[in-house]
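Nothing fancy with the numbering, it's 1 onward along the sequence.
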Amino acid sequence: MGSLGNHHSGHNLSALHVSVLFGERPFWWIPESHIFANKLPKLEQYSSTCENGPGSPSGHAMVTAAVWYVVASSLHSYLYRRNCSIPWTYAPYVLYGTLLAVVCISRVFVLAHFPHQVFTGSIAGLLLGIYLLRRVPERRPLQFFMALTSSLMIGTLALNAALRTMGVDLSWSMALAKKWCKHSEWVRPDVATLTSLSRDCGALLGMGLAQHWKPGGWQLARGPQALSLVLSYIALYFVCSAPLPLRSPVLYYTLFSVKFTLVPLIVVMVPGLVHLMMRKIKRN
């Protein structure tokens, strides 16, 4: 990545710290590096360009590689059990690779990441997907999810406090994003580091509550399944699009975590309500 510019000179960090904690993003690195001082290239920005967190590794590539590997592997096993032909059984992996390549190319195209960042994100996500495929937290007790949520939150906050005492400011990228983003409204708080922590903790807790309430979900016929899918989509749309107050950071992060706690609960509760409704109709 070359020089990190003047805003990192006081940290005196090693190259490893720089690559892990201070991954640059192209839309601010190009003007900050002063390599193009004589003639700055014309950069086209989009609403998805102005990510405000460090760029290494690519979170989009990592999540896509991890989640869709589990989906592709499950589809492969299903087609194999159905005695499908060899090309059909490996079709999910082809689609998986195509989707991952499209996501990586798009992230580089919008100047949100460098190529090496999407590559490392893809590798990390693939390894995570392989690990999670054999350790699906199905039917785990609620205490497991509560302990995991607490450990993640306490560990992250403790790491943040320790780095601050060492003179490392993890919010350094926010100022650069606000400085070089073409439109200030594109720098969204929902992609900040602490917001991601709130989202992950909320989703973990919601998953535990959902499994504790109804392990294995509900067995529904095709019609009620379709109705549950539509109602769940509507409920998730309103929950995820609900505006949150930005004046109080504590209130914002708390409500953001609650929002993602509701997501797994809605996925389980809506089919449960449809199940109860169908039972009542049959009785009548």
For Ala61 against Cys104, the heavy-atom pair lying closest together: CB-SG, 3.9 Å
Side chain to side chain contact (heavy atoms under 4.5 Å, CB included) between Tyr252 and Thr195, intermediate numbers included: CA-CA 9 Å; Tyr252 173 81; Thr195 310; 3.9 Å; yes
Residues Ser184, Lys178; criterion side chain to side chain contact (heavy atoms under 4.5 Å, CB included); working and verdict: CA-CA 6 Å; Ser184 59; Lys178 291 180 178 180; over 6 Å; no
Residue pairs passing the salt bridge (Lys or Arg N to Asp or Glu O under 4.0 Å) test where at least one lies in residues 90-117, sequence neighbours excluded: Glu51-Arg107
Common cluster, Leu128/Met207, ILVMFWY with side-chain heavy-atom separation under 4.5 Å: no
Heavy-atom side-chain contact between Ser173 and Trp28 under 4.5 Å: yes
Listed partners of Cys201 passing disulfide (SG to SG under 2.5 Å), at least two apart: none
Can you give the donor-acceptor pairs under 3.5 Å from side chains of residues 240-248 to other protein atoms, not counting sequence neighbours?
{"from": "Ser241", "atom 1": "OG", "to": "Tyr237", "atom 2": "O", "distance (Å)": "2.6"}
{"from": "Ser248", "atom 1": "OG", "to": "Leu251", "atom 2": "N", "distance (Å)": "3.4"}

Shortest non-hydrogen separation from His113 to Pro57 and the atoms involved: CE1-O, 4.2 Å
Joint cluster assignment, Val239 & Tyr253, ILVMFWY side-chain distance < 4.5 Å: yes
Qualifying residues under side chain to side chain contact (heavy atoms under 4.5 Å, CB included), relative to Leu229, sequence neighbours excluded: none
Side-chain donor/acceptor of Arg134 to backbone N/O of Ile130, under 3.5 Å: yes
Pairwise salt bridge (Lys or Arg N to Asp or Glu O under 4.0 Å) hits with a residue in residues 154-163, at least two apart: none
Ring-face cation contact, Phe27 with Arg25, 6.0 Å cut, 45° max: no
Test log, rule side chain to side chain contact (heavy atoms under 4.5 Å, CB included), inputs Met62 and Ser122: CA-CA 5 Å; Met62 186 184 302; Ser122 300; over 6 Å; no
Which atom of Arg140 lies closest to which atom of Phe145, heavy atoms considered: CB-CE1, 3.7 Å
Any donor-acceptor pair under 3.5 Å from Asn52 side chain to Arg188 backbone: yes
Cluster companions of Tyr80 among Ile, Leu, Val, Met, Phe, Trp, Tyr (side-chain spacing under 4.5 Å): none
Mutual orientation of the aromatic rings belonging to Tyr90 and His76 [parallel < 30°, tilted 30-60°, perpendicular > 60°]: tilted
Partners meeting side chain to side chain contact (heavy atoms under 4.5 Å, CB included) with Pro41 (sequence neighbours left out): Ile30, Phe36, Leu43
Under 3.5 Å, sequence neighbours excluded: what are the donor-acceptor pairs made by side chains of residues 96-103?
{"from": "Tyr96", "atom 1": "OH", "to": "Ala65", "atom 2": "O", "distance (Å)": "2.8"}
{"from": "Thr98", "atom 1": "OG1", "to": "Val94", "atom 2": "O", "distance (Å)": "2.8"}

Val67: partners by side chain to side chain contact (heavy atoms under 4.5 Å, CB included), with sequence neighbours left out: Val63
Cluster overlap Leu126 with Leu132, hydrophobic side-chain contacts below 4.5 Å: no
Min side-chain heavy-atom separation Glu24-Glu32 under 4.5 Å: no
Test item: Thr49 side-chain N/O and Val110 main-chain N/O as donor-acceptor pair under 3.5 Å: yes
Common cluster, Leu231/Met277, ILVMFWY with side-chain heavy-atom separation under 4.5 Å: yes
Cluster overlap Tyr46 with Val187, hydrophobic side-chain contacts below 4.5 Å: no
Trace of the side chain to side chain contact (heavy atoms under 4.5 Å, CB included) decision for Phe114 with Val108: CA-CA 6 Å; Phe114 289 102; Val108 175; over 6 Å; no
Partners meeting side chain to side chain donor-acceptor pair (under 3.5 Å) with Ser73 (sequence neighbours left out): Tyr93
Do any side-chain atoms of residues 260-275 form donor-acceptor pairs under 3.5 angstrom with protein atoms, and if so which ones, sequence neighbours left out?
{"from": "Thr261", "atom 1": "OG1", "to": "Gly202", "atom 2": "O", "distance (Å)": "3.1"}
{"from": "Thr261", "atom 1": "OG1", "to": "Ser257", "atom 2": "O", "distance (Å)": "2.8"}

Contacts of Lys182 that satisfy side chain to side chain donor-acceptor pair (under 3.5 Å) - sequence neighbours left out: none
